[in-house]
Every structure is written in C-alpha cells, then in structure tokens.
Engineer: 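Pasting a structure here, questions to come.
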Number of protein chains: 2
Amino acid sequence: MDDDLAISALAALAQKDRLATFRLLVSAGEQGLPSGQIAERLNIQPTRMSFHLSALERAGLLRTHRDGRRIFYAVSYAVMKDLLEFLTKDCCSGHPEICCDLGPQHTETMATRL
Amino acid sequence: MDDDLAISALAALAQKDRLATFRLLVSAGEQGLPSGQIAERLNIQPTRMSFHLSALERAGLLRTHRDGRRIFYAVSYAVMKDLLEFLTKDCCSGHPEICCDLGPQHTETMATRL
DNA sequence: TCCATATTTCAAGAATTCTTGTAATATCGA
DNA sequence: TCGATATTACAAGAATTCTTGAAATATGGA
C-alpha cells in the first residue's frame with residue numbers, strides 16, 4: 001500500500017459517521033447492509049449517508065452489490081488489512097512499543113505451546 | 001481509546017506532510033528531532049511545519065521537550081499503540097481476515113516451534 | 001404503463017483545514 | 001544589552017470537506 005492510498009483510507013475513517021458505518025458493517029458480515037438500513041440505524045439522512053458511503057468505497061474500504069432496488073455495502077477486508085499492515089510496518093517500522101499485543105489470535109499459541 | 005480520540009489520531013495521520021513527519025520521527029527514536037530539522041529534511045517551510053506538528057501533538061501522537069532554543073518532537077508510542085488496538089479490536093472486532101499477521105514478532109514463534 | 005421505493009447526483013452554502021506571509025516570543029552568545 | 005537563531009502565533013485567503021434540499025436514476029409491483 002502506498003502513502004496516498006493509506007492517507008485516503010485514514011481520512012475515510014477519520015469521521016464520526018463513517019467510523020460508525022464501518023464498525024456497523026464489520027458486525028453485519030459478508031452480505032453487508034443496504035444503504036437505507038445503515039442510514040436508519042445510524043440516524044443519518046439518505047443523501048448524507050450516500051456521501052459518506054461513497055467516501056469509504058472510494059478509499060477501498062467497502063464494496064457494493066445491488067439486490068433489486070437496494071444497494072448493499074459490505075466491508076472489504078483486504079484494504080483494511082493493508083492499512084493496518086501499513087501502519088505497523090511501513091509507518092512504525094514494527095516498533096515493539098507500538099505493535100506488540102496486536103493480532104490477538106496468536107496469544108493462544110503462546111499460552112498453549114509453552 | 002474513545003471514538004473522538006481515535007478520529008483525531010486518524011485525521012492527524014491522514015495528511016502527507018504529517019504522515020512523513022510521523023514516520024521520520026519513528027526512525028529518529030527516543031530523543032526525536034527539532035522542528036527546524038524535521039522541516040529541512042522534509043522540505044517544508046517552518047510555519048507550515050509548526051502547524052502540522054501541533055496537529056500531531058494535539059492528537060497525542062507526539063510529545064515535545066525544549067533544549068535551548070530548539071524544540072524537539074518525538075513519537076509518543078502509547079497513543080499510536082492505542083490507535084492500532086482501537087482499529088483491530090473496537091473497530092474490526094478482531095476480525096481474523098483483517099487482524100492476522102499483525103504483530104510481526106509472533107511469526108517467529110510459529111516458524112520455530114513447529 | 002404508472003406509481004412507489006431505494007438510492008444517487010447535483011448544486012449551494014457552511015464549516016473546516018491548509019498555506020502563506022508577517023509579527024511575536026524565547027534563547028543563546030558577544 | 002544587542003543581534004542572530006529557532007520556533008510559534010496570528011491573520012487572510014485558498015482549498016477541501018460536509019450538510020442540506022431538490023432533482024434524477026433504477027427497480028419492482030399493480
């Protein structure tokens with residue numbers, strides 16, 4: 001991931017409505033949710049919702065598919081993963097004060113194998 | 001870390017000059033670098049540098065100390081760590097597609113122990 | 001085809017962020 | 001104290017982002 005892409009992903013998440021949207025869609029799983037339902041749950045009017053959804057999509061954090069007249073938005077994991085990798089490796093050079101204790105599923109390995 | 005703090009840290013990093021600054025200061029280590037030297041290395045004029053440094057500091061990502069007439073800026077690891085934890089845990093619910101392979105020091109464990 | 005629903009596009013104004021130049025503050029050394 | 005250096009503060013304009021309302025597009029069902 002290059003700097004420009006990272007910056008656009010960071011900027012996409014750096015906004016209340018969009019952060020809430022992303023988090024909601026993480027919990028919504030593979031299929032995602034239609035625009036209107038996201039708007040309703042987060043109490044955001046449709047036009048504004050559309051504006052923020054397209055910002056997240058432009059940054060590559062969401063993908064869409066149409067089902068009838070609804071357009072579903074779902075998290076696109078690859079870019080989020082790249083962003084976290086960018087932050088830990090490219091940006092922080094894997095600095096241990098910053099990066100240890102991330103990747104929670106590995107702790108099990110350490111506990112079980114000792 | 002609450003949402004507002006996360007948003008301000010994300011926004012702080014979502015800008016070319018500031019991202020470059022943060023990265024430079026990670027490589028500069030504990031003592032950091034004086035404002036003027038950061039500006040010179042990144043080819044940014046002093047006033048603008050000061051503006052961006054104070055944005056990073058306000059977000060908690062940098063700390064400062066004065067030495068004579070120079071003001072040193074250095075990375076404040078705690079907030080960056082909190083931000084990464086926020087993104088992996090609060091925001092992504094530790095979703096494995098996103099969070100695995102982070103925390104690079106664990107991979108050694110897997111390779112060596114098998 | 002006609003109407004209702006779901007969503008986006010467009011345009012205008014408000015708010016925020018960024019840049020630049022100038023002035024102010026702090027420190028050091030003579 | 002004076003002059004030079006390092007940095008920040010302030011102010012004004014430029015650029016970008018955000019919000020809102022009105023209109024356009026796409027789809028499904030009667």
Side-chain angles (χ1 to χ4, degrees), chain A residues 3-25 28 31-76, chain B residues 3-25 28 31-76:
Chain A
D3 284 19
D4 289 340
L5 208 62
I7 286 169
S8 90
L10 288 165
L13 293 171
Q15 206 276 347
K16 217 172 174 55
D17 294 336
R18 291 195 296 259
L19 182 58
T21 299
F22 188 85
R23 194 187 264 138
L24 175 61
L25 289 178
Q31 164 149 58
L33 290 171
S35 181
Q37 202 167 316
I38 304 170
E40 193 184 6
R41 289 215 209 168
L42 300 179
N43 203 28
I44 293 171
Q45 77 182 122
T47 297
R48 201 167 113 215
M49 190 75 256
S50 193
F51 172 80
H52 289 307
L53 284 169
S54 82
L56 285 162
E57 196 194 2
R58 257 197 321 280
L61 291 166
L62 300 183
R63 59 190 162 71
T64 70
H65 67 277
R66 183 183 275 277
D67 174 35
R69 50 189 131 175
R70 289 171 307 173
I71 296 178
F72 281 75
Y73 284 86
V75 168
S76 176
Chain B
D3 283 19
D4 288 340
L5 208 60
I7 287 169
S8 90
L10 289 165
L13 293 171
Q15 206 275 348
K16 219 174 173 53
D17 295 335
R18 289 194 296 256
L19 183 60
T21 298
F22 188 84
R23 194 188 264 139
L24 175 61
L25 289 178
Q31 164 151 58
L33 289 171
S35 181
Q37 200 167 319
I38 304 170
E40 192 183 9
R41 288 213 210 170
L42 300 178
N43 204 29
I44 294 170
Q45 76 182 121
T47 296
R48 200 167 114 216
M49 190 74 255
S50 192
F51 173 80
H52 289 308
L53 284 169
S54 80
L56 286 162
E57 196 193 2
R58 257 197 321 279
L61 291 165
L62 300 184
R63 60 191 161 73
T64 70
H65 68 275
R66 182 183 276 274
D67 174 34
R69 50 190 130 178
R70 290 171 307 175
I71 297 177
F72 281 76
Y73 284 85
V75 168
S76 174

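Everything numeric here is computed off the predicted structure, so don't read it as measured data. Chain letters run A, B, ... following the sequence lines, proteins first and then strands; every chain starts at 1.
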Engineer: Is the shortest side-chain N/O distance from A:Q45 to OP1 or OP2 of D:dT20 below 4.0 Å?
Structural biologist: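 For A:Q45, the contact criterion (side-chain N or O under 4.0 Å from OP1 or OP2 of D:dT20) is met.
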
Engineer: Quick check for you: among D:dT7, C:dT7, C:dT19, whose closest atom lies nearest to any side-chain atom of B:F51?
Structural biologist: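 Minimum distance to the B:F51 side chain belongs to C:dT19.
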
Engineer: Nearest whole Å is fine: how far is C:dT17 P from A:Q15 CD?
Structural biologist: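 Going from A:Q15 (CD) to C:dT17 (P), I get 11 Å.
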
Engineer: Looking only at non-hydrogen atoms, find the nearest pair between B:Q15 and A:I7 and report the distance.
Structural biologist: C-CD1, 3.9 Å

Engineer: How long is the line joining CZ of A:R70 and C1' of C:dA4, in whole Å?
Structural biologist: 15 Å

Engineer: Using heavy-atom distances to pick each residue's nearest nucleotide on DNA chain D, tell me which of B:P34 and A:A11 is more 5'.
Structural biologist: B:P34

Engineer: Determine: side-chain N/O of A:Y73 to OP1/OP2 of C:dT8, distance under 4.0 Å, yes or no.
Structural biologist: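 A:Y73 to C:dT8 OP1/OP2: side-chain N or O found under 4.0 Å.
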
Engineer: Which residues pass the side-chain hydrogen bond (donor to acceptor under 3.5 Å, both in side chains) test with A:R63, sequence neighbours left out?
Structural biologist: A:E30

Engineer: Which part of the nucleic acid does A:F72 contact within heavy-atom distance under 4.0 Å: base, sugar-phosphate only, or nothing?
Structural biologist: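 It contacts nothing in the nucleic acid.
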
Engineer: The side chain of A:R48 is closest to which nucleotide in this list: C:dG21, D:dT19, D:dT27?
Structural biologist: D:dT19

Engineer: Sort out for me which residue in A:L56, A:I38, A:L61 forms a side-chain contact (heavy atoms from CB on, under 4.5 Å) with A:L25.
Structural biologist: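 Single side-chain contact (heavy atoms from CB on, under 4.5 Å) partner of A:L25 among A:L56, A:I38, A:L61: A:I38.
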
Engineer: How close or far is atom P of D:dT17 from atom CD1 of B:I7, stated in whole angstroms?
Structural biologist: 16 Å

Engineer: With a cut-off of 6.0 Å (strictly less than), are more than 12 heavy atoms of other residues, nucleotides or ligands near CG of B:D67?
Structural biologist: yes

Engineer: CG of B:D67 versus P of D:dT5: gap in Å, rounded?
Structural biologist: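 These atoms are roughly 18 Å apart.
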
Engineer: What nucleic acid atoms does B:T47 come within less than 4.0 Å of, heavy atoms only: base, sugar-phosphate, or nothing?
Structural biologist: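 Base contact.
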
Engineer: Given D:dT8, C:dT19, D:dT19, which nucleotide is nearest the side-chain atoms of B:D17?
Structural biologist: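 It is C:dT19.
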
Engineer: Can you measure B:H65 atom NE2 to D:dA6 atom C1' for me and round it to whole angstrom units?
Structural biologist: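 From B:H65 NE2 to D:dA6 C1': 14 Å.
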
Engineer: Of the candidate nucleotides C:dA6, C:dC18, D:dT5, which contains the atom at the shortest distance from the side chain of B:R69?
Structural biologist: D:dT5

Engineer: Under 4.0 Å: is that the gap between some side-chain N or O of B:R18 and OP1 or OP2 of C:dC18?
Structural biologist: yes

Engineer: Atom CD in A:Q45, atom CD in A:E40: separation rounded to 0.5 Å?
Structural biologist: 14.0 Å

Engineer: Tell me whether the OP1 or OP2 atom of C:dT17 has a side-chain N or O from B:H52 closer than 4.0 Å.
Structural biologist: no

Engineer: Can you tell which of C:dC18, D:dA26, D:dT19 lies closest to the side chain of A:R66?
Structural biologist: D:dA26

